[in-house]
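The analysis underlying the following values was restricted to heavy atoms, covering all of them including side chains, and did not include hydrogens, waters or symmetry mates.
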Amino acid sequence: MPPPTHFLCIPLSSPSLARSWASFRADVAGTEAYGVPEDAVRPLGTLHLTLGVMRLERDSLARAVEVLEGLRPREVLEALRAERRPSSSNSLSFSASSSASSSSSGTLRLPVTMRGLHAMPAASRATVLYAPPADGEGLLRGFCDRLRASFLSSGLMVKEDRPLLLHATVVNTIYSKAGPKGGRGGRGRNRPRLVMDARELLRRYDDHIWAEDLTVTKIALCRMGAKAVEGSDGDQAYEVEAETEM
């Protein structure tokens with residue numbers, strides 16, 4: 001099948017995430033101890049949770065933007081909380097919990113914590129390292145599934161055989177020019193892709209907190225292929241076609 005051109009995502013950004021990312025990069029990039037090439041560490045501006053990918057042309061892109069603008073993420077979150085609302089005796093404690101999940105301005109919040117480090121396809125032969133998200137209320141997965149549902153039902157997004165794995169990729173060897181045993185890597189079809197033994201690195205970062213209570217602020221439709229951020233020191237970001245705020 002033709003490769004996807006766009007993806008639906010939750011962008012991740014906060015001062016604590018920036019600090020944790022910088023610390024991780026300084027610790028592991030280019031060091032022989034962990035075997036992580038510097039160019040395999042994903043730029044800070046690319047960190048996100050992917051909800052699904054799509055192949056969009058001009059007409060279908062316009063339809064995807066319409067679907068995005070009609071998502072109403074706050075209403076989705078409110079509905080999920082309402083479904084979990086306890087009856088009678090526990091209503092007071094629920095009310096207090098709901099207040100804690102809202103900002104001082106009354107805007108509903110979905111705080112997410114990024115903790116730990118996992119590998120794909122396996123720790124001993126990893127090509128991707130990622131940070132998994134979690135939220136105290138256990139609403140994030142259902143929230144993302146409901147946002148995806150609008151794109152799936154419209155036919156813009158094709159449902160995959162595997163379940164959605166929410167993750168923020170921090171290392172991906174497909175972007176590295178270093179191949180196995182010092183050979184050339186990269187995106188070429190005939191070039192070997194670097195594989196890492198990440199078991200020690202995963203143990204080191206097993207309980208690492210990348211960001212705590214990071215608030216989901218927007219849902220974005222982005223174009224594949226990160227580009228350099230003008231005026232930055234090597235940072236990259238994805239082109240945003242459209243976004244909707246919480």
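Remark: side-chain polar atoms of Asp197 are paired, donor with acceptor, to backbone N or O of Arg199 under 3.5 angstrom. Here the side chain of Ser232 pairs a donor or acceptor atom with the backbone of Val229 at under 3.5 angstrom. With hydrogens and angles ignored, the 3.5 Å screen pairs no side-chain donor or acceptor of Trp210 with any backbone N or O of Ala131. Between the Arg81 side chain and the Leu139 main chain, no donor and acceptor come within less than 3.5 Å of each other. Not a single donor-acceptor pair under 3.5 Å links the side chain of Asp213 to the backbone N or O of Pro111. In this structure a side-chain-to-backbone donor-acceptor pair under 3.5 Å is present from Ser20 to Ile209. Looking only at distances, no side-chain donor or acceptor of Ser23 sits under 3.5 Å from a matching main-chain atom of Arg19.
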Could you go through Ser176 and Asp39, starting from their C-alpha distance and side-chain angles, then the distance that decides it, and tell me whether this counts as side-chain hydrogen bond (donor to acceptor under 3.5 Å, both in side chains)?
CA-CA 5 Å; Ser176 176; Asp39 55 1; 3.0 Å; yes
Verify side-chain contact (heavy atoms from CB on, under 4.5 Å) between Met120 and His167, making sure each step is shown before the conclusion.
CA-CA 11 Å; Met120 290 189 289; His167 66 284; 3.9 Å; yes
Begin from the C-alpha positions of Val76 and Leu147 and carry the test side-chain contact (heavy atoms from CB on, under 4.5 Å) through to its verdict.
CA-CA 8 Å; Val76 171; Leu147 297 181; 4.2 Å; yes
Let's go through Leu129 and Thr169 carefully: what are the C-alpha distance in whole Å and the side-chain angles of both, what is the deciding distance for side-chain contact (heavy atoms from CB on, under 4.5 Å) to 0.1 Å, and is it a yes or a no?
CA-CA 6 Å; Leu129 303 180; Thr169 299; over 6 Å; no
Could you please spell out the steps behind the side-chain contact (heavy atoms from CB on, under 4.5 Å) verdict for Arg25 and Val170?
CA-CA 9 Å; Arg25 187 174 185 273; Val170 293; over 6 Å; no
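Taking the side chain as every heavy atom from C-beta outward, Ser150 and Leu71 approach each other to under 4.5 Å. Counting heavy atoms from C-beta outward, His6 and Cys222 have side chains that stay 4.5 Å or more apart. Put simply, the side chain of Leu49 does not reach to within 4.5 Å of the side chain of Cys9, judged on heavy atoms. Inter-residue side-chain proximity for Leu47 and Ser13 is flagged as unmet; no heavy-atom pair is nearer than 4.5 Å. In this structure, the side chains of Leu194 and Thr127 stay at 4.5 Å or more apart for every pair of heavy atoms.
In this structure, CD in Glu66 is found 11.5 Å from OG in Ser60, a value given to the nearest 0.5 Å. From Arg223, atom CZ reaches atom OG1 of Thr5 across 6.5 Å, with rounding to the nearest 0.5 Å. Rounded to the nearest 0.5 angstrom, Glu241 CD and Leu61 CG are separated by 5.0 Å. Atom CG of Leu117 sits about 9.0 Å away from atom OH of Tyr130, to the nearest 0.5 Å. In this structure, Leu214 CG and Thr113 OG1 are separated by 8.5 Å, a value rounded to the nearest 0.5 Å. Here CG of Leu140 is found 5.0 Å from CG of Asp135. Values are rounded to the nearest 0.5 Å.
We find that Arg141 and Asp145 are joined by a salt bridge, their nearest charged nitrogen and carboxylate oxygen being less than 4.0 Å apart. Comment: Arg115 engages Asp207 in a salt bridge, judged by a side-chain N to carboxylate O separation of less than 4.0 angstrom. Taking a cutoff of 4.0 Å between a charged side-chain nitrogen and a carboxylate oxygen, Arg74 and Glu245 do not qualify as a salt bridge.
Ring centroid separation for the pair His48 and Phe7 comes in under the 6.0 Å cut-off.
Looking at every heavy atom in both residues, Gln236 comes nearest to Pro43 through N-CB, 3.6 Å. The two atoms that bring Arg55 and Pro3 nearest to each other are NH1-O, 2.8 Å, heavy atoms only. In terms of heavy atoms, Thr244 sits closest to Leu68 at CG2-O, 3.8 Å. Scanning all heavy atoms of the two residues, the minimum distance from Glu200 to Arg203 falls at OE1-NH2, 3.0 Å. Closest of all the heavy-atom pairs between Ala18 and Leu44 is CB-CD2, 3.7 Å. Closest approach of Leu56 to Ala64, counting heavy atoms only: CD1-CB, 3.7 Å.
Thr173 and Arg193 share a donor-acceptor pair across their side chains, judged by distance under 3.5 Å alone. Under 3.5 Å, the side chains of Ser14 and Ser16 contain a donor-acceptor pair of N or O atoms. Using modelled atom types and a 3.5 Å distance limit, the side chains of Asp27 and Tyr205 yield a donor-acceptor pair. Donor-acceptor pairing under 3.5 Å is recorded for the side chains of Thr215 and Arg109.
If you chain together hydrophobic residues whose side chains sit under 4.5 Å apart, Ile174 and Val53 fall into the same group. Note: the hydrophobic cluster containing Leu8 also contains Leu110 (ILVMFWY, side chain heavy atoms under 4.5 Å, direct or indirect links). Two different hydrophobic clusters hold Val240 and Leu221 under the rule that ILVMFWY side chains link at heavy-atom gaps under 4.5 Å. Two different hydrophobic clusters hold Val28 and Val128 under the rule that ILVMFWY side chains link at heavy-atom gaps under 4.5 Å.
Glu78 CD: more than 12 foreign heavy atoms inside a 6.0 Å radius.
When the options Met224, Met157, Met54 are evaluated for a side chain to side chain contact (heavy atoms under 4.5 Å, CB included) with Pro4, the one that passes is Met224.
A cation-pi contact, defined as under 6.0 Å to the ring centre and within 45° of the axis, links Arg42 to Tyr175.
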